[in-house]
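Down below is the structure, laid out as structure tokens.
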2 protein chains.
Amino acid sequence: MATRKRSTTTAKGKERLDIRTVATAAGVSVATVSRVMNKVPTVDPQLSKRVWATVKKLGYIPNTQARALVSGRSKLLGVIISDITNPFFPELIQGFEDKAIDVGYETLIGSTNYDLQRMEHCVQRMLERQVEGVAVMTFGIEEPLLERLSSEGIPMVFIDVAPRKKNISVIHVNYDQGIREAVQHLAALGHRRIGFITGPPRLHSANARLNAFLSATERVGIRVPEMCIFHGDHTAEGGSRGVEHLLSIKQPPTAIMCSNDMSALGAMHAISRAGLSIPADISLIGFDDIQLTEYVLPPLTTIRMSGRDIAASAVYALLNPGIAPKQVETNLVVRQTTGVPSKQTPGSKPAARKSADKA
Amino acid sequence: MATRKRSTTTAKGKERLDIRTVATAAGVSVATVSRVMNKVPTVDPQLSKRVWATVKKLGYIPNTQARALVSGRSKLLGVIISDITNPFFPELIQGFEDKAIDVGYETLIGSTNYDLQRMEHCVQRMLERQVEGVAVMTFGIEEPLLERLSSEGIPMVFIDVAPRKKNISVIHVNYDQGIREAVQHLAALGHRRIGFITGPPRLHSANARLNAFLSATERVGIRVPEMCIFHGDHTAEGGSRGVEHLLSIKQPPTAIMCSNDMSALGAMHAISRAGLSIPADISLIGFDDIQLTEYVLPPLTTIRMSGRDIAASAVYALLNPGIAPKQVETNLVVRQTTGVPSKQTPGSKPAARKSADKA
DNA sequence: GTGAAAGCGCTAACAA
DNA sequence: TTGTTAGCGCTTTCAC
């Protein structure tokens, strides 16, 4: 019995709806149908019309797997992120997917959670599916495991910093712009003592933000003593500790900038726990502009780094490996956590430091 | 010239790393390699070892496209959501992806944004990629366009309510449980006047929540006058309007429950704008337990509906079309927006109704 | 401009 | 248990 031989599958069941069926129905060859589906311009318009009609009538939908196999183009893009709990990523991913779909691609998402095993599995999945490009949006490099992708010649794009290979491009984020705006905003309000809560030092983005802060303050003539810089970790918890530290020094800052919004959120909590209010007693600025910031009370003044912009730039970079992707800008979004500094020193205010942990 | 004929591709360039290369290198047939890769048990352990060694050494990674084409199994699952701005979905999607990867599947995400065009495109994409199942997580049905998926016999899973077809299953959410807990919690604190801000009436989930509220209040002997129910739309804006309405009635409620967290967030803002404080003047409870709720001030008491649970249930349902997926529970998460009712009527408190729109 | 036919890399009969 | 081989549905030469 000739098992899977097409010609013998002539049972009564309706024919599988493949390109051959369409070709037969339209009275043309499969090649023509293929050309029509792929909008090859050399097809006779008449024929094309007839084929399209048949396609519509039959409801034919081409099989992407087969297409990918023969053409070698999977129409798949991968995006690898590190920490899925970071609320910055949803916007990034969503922007990436949208953009990818716009250009006819599907997205494979992988999150590594800073775990080598997971990263490995991630890369394996991408390779198996023959992705045509991978955006490594981890804000920190885990180079070694990406070697395979690179050696396979698959286009890759990183943020801020990347291995120098010819199939790899880098999206530069202009941290300075937004941070300078923020510092100027604070200075204009009259703040002279500004604290900074950093991110984890292994993250290039975190260091870049700190440096931007340092040079922006210098530019406006504000001195930032060592102890006004707290080394956090981009978590709310770190932000809370940062505030506790900053309020404990002799001359506490009247404004605090944070390396990301999560830290700022933690900072808000700590500030309110300390019995101080924002922005009356202390001003606060975050970084990222994640969705949350609009909804906290008071809404957080922050520096916007558009996940969609980064995503768009990434998709573009992957599809145009030669061309340098364009820089992503950042800018201040003034909401309600910044105001003129209070006359009295924030830390000196008498406050029940441990009031509201459990209402 | 025999163009793509394998045998003539004997140029100097390193051979394409396909199953044949591995077979040759390991001194076995492609069938054996295939069996080894697929862990077919009837392979001689010795041989299997040898093949694995070769695979490792060469770094062979099978081509999923080819596999999918011949086996008819794409190892792809689709998930369709409606409103991507709804912060409930990230957890859902992420849970879905994780679960899918666990069982060896990749995920295709589509968001319709309540747009028919987009829904159509979405379904088309899923069909093209030959997904093996689709989770329709829209909390509201857009039946007609899904017809094709259904008629193709592709397993589907819906939330709450679905067309009755044999390849379609439904995940039931137990809204009653969490809502009853919330109402009892409020009642135990001494609240007798509880307001409710609903979601859009076309959403089954929204209606179910309202009904659950109504029966829960009845059960504890609390009467809910018509005007204590405000018809919102699951947006922060709707929540704000809800509060404005509820505070304007003669006997304003001392506690408000919202059909989702976004409404509750909007409600928080409106309450604070009205010069009232939470929970001293008014208690508030949300629904969903999106990530934001932990970070607002004060942290929101809400009813948790686990996106991960729903996701897990959905993946399970798609892979086991026969079996009914298990129900998803909801439960109260007490944070800091609920407390004993204030002695005075909230609405009567003298307050600058329009104070803080711009700090 | 159109068609015939050769495979893309793999799995699954079937034969051995 | 292992190998041979036919095709999965499609694109793409190449010849007409």
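Naming: A, B, ... by sequence-line order, numbering from 1 per chain.
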Earlier contact from the 5' end, DNA chain D, for B:T42 and B:L69: B:T42

Suppose we screen for salt bridge (charged side-chain N to carboxylate O under 4.0 Å, His left out). Which residues come up paired with [X], at least two apart in sequence or across chains?
X: B:E152; value: B:R148
X: B:K326; value: none
X: B:R129; value: A:E106
X: A:D98; value: A:R308

Going by salt bridge (charged side-chain N to carboxylate O under 4.0 Å, His left out), name the pairs with one or both residues in residues 77-97 of chain A, residues two or more places apart or in two chains. A:E91-A:R304

Tell me, which pairs form a side-chain hydrogen bond (donor to acceptor under 3.5 Å, both in side chains) where one or both residues lie in residues 46-67 of chain B, sequence neighbours left out? B:N38-B:R67

Atom [atom1] of [X] and atom [atom2] of [N]: how far apart are they, to the nearest Å?
X: B:E128; N: D:dC8; atom1: CD; atom2: P; value: 21 Å
X: A:K75; N: C:dC8; atom1: NZ; atom2: C1'; value: 17 Å
X: A:M37; N: D:dG9; atom1: CE; atom2: P; value: 15 Å
X: A:R20; N: D:dG7; atom1: CZ; atom2: C1'; value: 10 Å
X: A:Y60; N: D:dG9; atom1: OH; atom2: C1'; value: 7 Å
X: A:I19; N: D:dT12; atom1: CD1; atom2: P; value: 11 Å
X: B:R67; N: D:dC10; atom1: CZ; atom2: P; value: 21 Å
X: A:Q130; N: C:dC8; atom1: CD; atom2: P; value: 14 Å

Hey, which of these two, A:A66 or B:R35, hits DNA chain C nearer its 5' end, going by closest nucleotide? A:A66

Contact class for A:T32 vs. all strands (heavy atom < 4.0 Å): base, sugar-phosphate, or nothing? sugar-phosphate

Set out, in order, the CA-CA distance, both residues' side-chain angles and the distance that settles side chain to side chain donor-acceptor pair (under 3.5 Å) for A:D115 and A:T112, then state yes or no. CA-CA 5 Å; A:D115 178 310; A:T112 68; over 6 Å; no

Return the residues of residues 43-59 of chain B meeting this criterion: a heavy atom under 4.0 Å from some atom of DNA chain D. Order them by number, or give none. B:V43, B:D44, B:L47

Minimum-distance nucleotide (side-chain atoms of A:V28 versus C:dG3, D:dT11, D:dG3): C:dG3

Is B:S71 close enough to C:dT11 that one of its side-chain N or O atoms is under 4.0 Å from OP1 or OP2 there? no

Is the phosphate of D:dT11 approached by A:N38 (side-chain N or O, under 4.0 Å from OP1 or OP2)? yes

How sharply is the helix from C:dG1-D:dC16 to C:dA16-D:dT1 bent, taking the axes over five pairs at either end and rounding to 10 degrees? 30°

Does A:R202 count as lying over the ring of A:F139, i.e. NZ or CZ under 6.0 Å from the six-ring centre, within 45 degrees of the axis? no

With B:D309, which residues qualify under side chain to side chain contact (heavy atoms under 4.5 Å, CB included), at least two apart? B:S306, B:V328

